[in-house]
Structures are given as structure tokens and as C-alpha cells.
Asker: 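Pasting in a structure now, in C-alpha cells, and then I'll have a few things to ask.
In what follows, every chain begins at residue 1, and chains take the letters A, B, ... in the order their sequences are listed. This is a predicted model, so every value here is computed, not measured.
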Protein chains: 2
Amino acid sequence: MKTTENRELAVEREEKLLARVKAGRIVRVDALVRDLGVSAATIRRDLEQLEKRGTLRRVHGGAMAVESNLDEPLFDDKTQIAATEKLCIARAAVGFVKPGASIFLDGGSTILAMAPLLREMTDLTVVTNSLRVAAELAGGGPTLIIVGGELRRRSQTMVGPLTEPALSALHVDIAFVGTIGLDLETGLTTTDPREAFTKRLILRRAQQIILLADSSKCGKTSFIRFGSPEEAHVFITDSSTPEHLLKVLRRKGVRVITV
Amino acid sequence: MKTTENRELAVEREEKLLARVKAGRIVRVDALVRDLGVSAATIRRDLEQLEKRGTLRRVHGGAMAVESNLDEPLFDDKTQIAATEKLCIARAAVGFVKPGASIFLDGGSTILAMAPLLREMTDLTVVTNSLRVAAELAGGGPTLIIVGGELRRRSQTMVGPLTEPALSALHVDIAFVGTIGLDLETGLTTTDPREAFTKRLILRRAQQIILLADSSKCGKTSFIRFGSPEEAHVFITDSSTPEHLLKVLRRKGVRVITV
DNA sequence: TCGTTATTGATCAAAAGCAAGCATATTGAA
DNA sequence: TTCAATATGCTTGCTTTTGATCAATAACGA
């Protein structure tokens, strides 16, 4: 039998295996061989299949838990993706920041690219729920107001109900908002409900909303919706974003900027 | 095989290694060899790869954490003073942390020394208003709740009225609190009114208060008072603190620990 | 400055891990 | 029972990772 495509692996074993991976984050093949009493070949076949399903990630010598959400890579990797586009977009966004303003920066990687460009400004108030942005600006010029809450590891942002009192008390001139998915049908989407909750709050507390998204986000839909693209006053993206999408947004009154 | 470009280093080892670097800021290759049980050549290959990813910086003889903007020179100077005493005090304090607990860590340098010691704990909720503590624990095990507010540059802590709603909603088992000055007459004092405001709030939201102060703080008085030493249930200090002060506190029902 | 010592990078052979193929065991249906 | 389908275990050849050696290089003290 060559193709073992839809091989049905013993449910019992699958459960034990998954439990182990989730508990320890990583397991070694030889440990599984010992504990489950089957051969290494079988373990490998199991892992192979579970990897295909996206339930775990195989690494040399074993397997590790896949980060809970598929379409949001780990933060450190994410900043690498489309770094040039992100920087160009960030530069264009910074152009909107005027002295004396108060702005909100959310936790997206595109928006993180703005932070270094704002470090030297002194007559500026920056509100953020991103630990990364905070770290970037902690020694810089702007007055920094950090929104508290529970730290979401993956994005290094503060999220959840605890952010509400702080955000409700504030009002900013411009909110710079990133997104995981942008689609005309499904709107703006992100991976985490708590993250979405916080983003929704922000959108209501800003005079002007500037949406930042490189072309890789366009047409994508993630797990949970936090708004629609036409809520934005300005949309900044790169030149690879499909023209028809831009056209629709322009018709709806969004100022579109491509870099 | 020549090209070890995308060599997949044992994830298990990578994690330990990164933890070590983050905890100690600098690690020697031979220490890693000893602790991880692999050869120096392997450690070097790992380090090389992690450096390529930008996760750490290699130095002669080992590696160090890539410095983030959080490392304020102002602050760092202070952490150097009485570093040994601080670490001993921190170790004693960590002994009070039980699994399942929720604790508050404030922004003092003594308390910052506790953070690395808590990184590996998972069944723990840490509430903090210190950006430094947050940064230290951001990649670690404990659930992290960050109190928002305006960032005070010098101490890298969130202070002021915006911290009130978040702090009022929380209640912790233990609050670990540092101080700038400790005096029987003038009580616990600090330099910044907003800082004092936040500290006062914290003292009211904790089941148990553990006060940490090395001997250099004792007998000193700073600008503004935020409480009195007998409010603490436990006071941890070093052996150079004058005995008469400890005696008075003991008589007032404070459990005194000298390290 | 020079020489001494420690650290590094390159190379290579050994070990560990892996995929594919094949034989055997198990299961369920005719 | 017999047959077919599937899962498992074993062997083989190949790839990746590792540890040891050694020359080159960097730090350090006189």
C-alpha cells in the first residue's frame, strides 16, 4: 500500500499523542514509542497525518504544538514577512501625524514599523495596547499611555475586558489600525475574539481611522470580525493590492493611498 | 552536508537556551554545554542560527540578549546598586509565591529581580504596572496582566489616575512592593506623586503585603508618602539593616526576614 | 609591541532521525 | 472460510544533526 492518505489512526493513540503534545508543547518520538508501545514508524505516520490536519507541527526528533491559530504566525516571524512593504506603508502613515496630536497605535506588525519613526517626536501623545510599541517608544520623545489588560502572548498586546475602562476614558485624534484579514464581504477580521473586542473599542474612540494593511492581507478572512473597511477614513496599502478592491473602497468614501 | 542553512535545531534546546539568555542577559558557551548536555560545537551552531534570526547577539565566549529599548540607562544604573543584596531579597520573596496564586509586582529594581525567577512558573497570575517586569515575563509562563496608565519614564512604570479602574477591578493574593525610602517616622516614601497614588491603590487590593527594601533604603525619606511599614505583613531586607528598626517592626506584628 | 591563552569556524566521521518499500498481522465483508 | 483492505513493524538507503579535531583568529597581559 503506497498511499496511506486517509489512514484512520487508532483514536485511542491519537488522543494520548495529542494530549502529550499539548501538555508539554514538544514531544520526542522515542518518548512516544516508549509510552504508547508502538514502533517509531507508526508514531511517524501518526505525526505525519496529524501535521497534515494542522493539529501539530513536526520537528526533527519529534513534534510540537502548533500555535493555536493557523493564519497568524508567531510575532517574530511575522515582522519579517513583507518587511519592505510594511516600512513603506508605515512611512506613509507617519505623514498623517501632526505635532500636538494624540494617536492610537494597535499591535499589528505593520503598525509596529511606525514606532521607530515616531521616537524623536516630543509634542505627541501615543496610546497603545501593544507591548512591542511601548517598548519601542519607552525611551523616546512622545508621551506614552499604555492600555492595560491581559497580555496576549502571540501578539504581545493587551486585550480583553480590562482594556475597556481605560479605552473608554480616552479619545484620540487618529487611530492607526492593522488587520489580519481584509475582505469586502467579510470585512476586517482578526484571529482572537479578545483582540477583536479591543479593536472595536478603539474604532469608536477615534476622530479619524487610518487602516494599514499590506496586500497579503487583502482578500483574506480570519476568524472574527471587528469592523468593516469603509469605517476607515484612510486606507494605506501597497501597490500589489487588487485595483477593484481599492475602487470599491474609494466609491465608499475611503481615501486610498498606495505606496 | 555542507549547507546547514535552515538547520532545524532541536526546539527543546532552543527554548531552554533562549530562556537562559533572557534570564541572565548573558550566558557563556561552557555554561550552556554543562546545562544542556551537548557539545560546544552544537551550542555554537544554535547560537549562530539564533543570531541570524535576530533573537540574540553573539559575543566572544557566549551570547547576550539583544537589547531592547526597554533597557533605560537611568534605570540600569539603579539595578546595579546593591545587586547582590537585591537578588538575595528577591529569592526570599519568590519563596512566598505558591502555585495558583495571583501576585502584584510593582516597579522597583528589587522587585524587578524577582521577575526572572518567576519566568518558568505557569500556574501563576502576575499583575504589574512595570514595563520592565512585563518585558521580562512577556515570553514566560505566568499569565500576565498589565495595569495601564501613563508611562513614567524614569521608573518605566505605569502611573496616574488611569491605573485606577484596572486596579480597582483586581484583587491579588500577594502584593510585592518596593520603596525608595523607609523610615519609622515618615513611613514609606517615593519620589513621584503619581507613583505614590498607584502604590496606595495596590496596598488596598492585596490579601498580603510583602515589602522589599535593601538596607540602603532604611532610614531614608523621599518626597511623598504612600504608606507605613507596619501595613506590610512581611518585610524582607538584608542583614545590614539596623536591628532597632527590625525590632520595632516585629513588635508591630510585621514578620521580618533578613537575608 | 609581542607572546600566551581562549575562542572560534571548518571539516569530517559517527550517530540519530527519516521516508520508502516490503512482509506480516488484523479487521471486516462476501 | 477466503479475500481484500488497512495498519503495523522491520530493513534499507539516505539526510540531518552532532561531536571531535585542528588551524585560524581574537582577547589579554606583560
Side-chain angles (χ1 to χ4, degrees), chain A residues 1-67 73-74 76-77 80, chain B residues 1-67 80:
Chain A
M1 198 66 343
K2 167 89 128 259
T3 65
T4 324
E5 285 308 312
N6 40 7
R7 157 174 174 279
E8 183 164 352
L9 65 91
V11 188
E12 188 187 3
R13 215 172 50 222
E14 174 185 341
E15 280 183 358
K16 277 190 203 169
L17 203 152
L18 274 176
R20 289 286 303 266
V21 171
K22 295 228 166 120
R25 263 187 50 70
I26 57 176
V27 279
R28 302 187 45 85
V29 169
D30 46 21
L32 290 169
V33 168
R34 187 162 33 77
D35 296 358
L36 305 188
V38 290
S39 79
T42 302
I43 295 291
R44 288 213 183 80
R45 277 185 276 243
D46 289 359
L47 293 179
E48 183 184 9
Q49 197 163 358
L50 288 169
E51 182 173 45
K52 249 180 228 155
R53 284 202 233 153
T55 322
L56 50 76
R57 213 186 93 202
R58 284 229 282 160
V59 295
H60 200 89
M64 64 184 294
V66 73
E67 331 305 336
L74 275 170
D76 277 345
D77 301 333
Q80 302 304 320
Chain B
M1 206 47 357
K2 170 90 129 249
T3 68
T4 323
E5 284 308 310
N6 40 8
R7 159 172 172 280
E8 183 160 6
L9 65 92
V11 187
E12 195 177 355
R13 218 175 44 225
E14 173 185 352
E15 284 186 354
K16 279 189 203 165
L17 203 151
L18 272 176
R20 288 287 304 265
V21 171
K22 295 224 167 123
R25 310 232 19 93
I26 176 151
V27 280
R28 298 186 45 83
V29 169
D30 46 19
L32 290 169
V33 168
R34 187 163 32 76
D35 295 359
L36 305 189
V38 291
S39 79
T42 303
I43 295 290
R44 289 215 183 77
R45 277 185 279 243
D46 289 358
L47 293 179
E48 183 184 9
Q49 197 165 357
L50 288 169
E51 183 174 44
K52 245 181 233 158
R53 285 203 236 153
T55 321
L56 50 76
R57 224 185 79 205
R58 288 187 68 186
V59 293
H60 203 84
M64 61 185 298
V66 66
E67 65 283 280
Q80 296 311 314

Asker: For D/dT18, does either OP1 or OP2 sit under 4.0 Å from a side-chain N or O belonging to B/Arg13?
Answerer: yes

Asker: Assign each of B/Glu48 and B/Asp30 to its nearest nucleotide of DNA chain C by heavy atoms, then name whichever residue's nucleotide is nearer the 5' end.
Answerer: B/Asp30

Asker: Can you check the A/Glu14 CD to D/dA7 C1' distance for me, whole Å?
Answerer: 15 Å

Asker: Rounded to whole Å, how long is the line connecting atom CG of A/Leu32 with atom C1' of D/dT8?
Answerer: 16 Å

Asker: Calculate the interatomic distance between A/Leu47 atom CG and D/dT8 atom C1'; express it in whole Å.
Answerer: 15 Å

Asker: Ion pair present between A/Lys16 and A/Asp35, side-chain N to carboxylate O less than 4.0 angstrom?
Answerer: no

Asker: Would you say that A/Arg13 contacts A/Thr42 through its side chain, given a criterion of any heavy-atom pair below 4.5 Å between the two side chains?
Answerer: yes

Asker: Return the minimal non-hydrogen interatomic distance between A/Glu51 and A/Arg58, and the atom names on each side.
Answerer: OE2-N, 3.1 Å

Asker: Is the shortest heavy-atom distance from the side chain of A/Leu17 to the side chain of A/Leu47 under 4.5 Å?
Answerer: yes

Asker: If you look at every strand shown and take non-hydrogen atoms under 4.0 Å, does B/Val59 touch a base, only sugar-phosphate, or nothing?
Answerer: sugar-phosphate

Asker: B/Arg58 has a side chain; which of C/dA19, C/dT7, C/dG9 sits nearest to it?
Answerer: C/dG9

Asker: Specify the separation, in whole Å, of atom CD1 of A/Ile26 and atom P of C/dG17.
Answerer: 13 Å

Asker: Let's see if you can work this out: which of C/dA19, D/dC10, C/dG9 has an atom nearest to the side-chain heavy atoms of B/Arg44?
Answerer: C/dG9

Asker: Can you find a heavy atom in the side chain of B/Asp30 that is under 4.5 Å from one in the side chain of B/Arg34?
Answerer: no

Asker: Test side chain to side chain contact (heavy atoms under 4.5 Å, CB included) on A/Glu14 and A/Gln49; report intermediate values, then the result.
Answerer: CA-CA 10 Å; A/Glu14 174 185 341; A/Gln49 197 163 358; over 6 Å; no

Asker: In whole Å, I'd like the distance from the CZ atom of A/Arg28 to the P atom of D/dT17.
Answerer: 13 Å

Asker: For the side chain of B/Arg45 and the base of D/dG19, is some donor closer than 3.5 Å to an acceptor across the two?
Answerer: yes

Asker: What one-letter contact string describes nucleotides 25-30 of chain D from 5' to 3', where B marks a base within less than 4.0 Å of any protein heavy atom, S marks contact via sugar-phosphate atoms alone, and - marks no contact?
Answerer: --S---

Asker: Respond yes when some side-chain nitrogen or oxygen of B/Thr42 is under 4.0 Å from OP1 or OP2 of D/dT18, and no when none is.
Answerer: no

Asker: Could you state the CG-P distance from A/Leu36 to D/dT8, rounded to the nearest angstrom?
Answerer: 11 Å

Asker: Could you check whether any side-chain heavy atom of A/Ile43 comes within less than 4.5 Å of a side-chain heavy atom of A/Leu36, counting everything from C-beta outward?
Answerer: yes

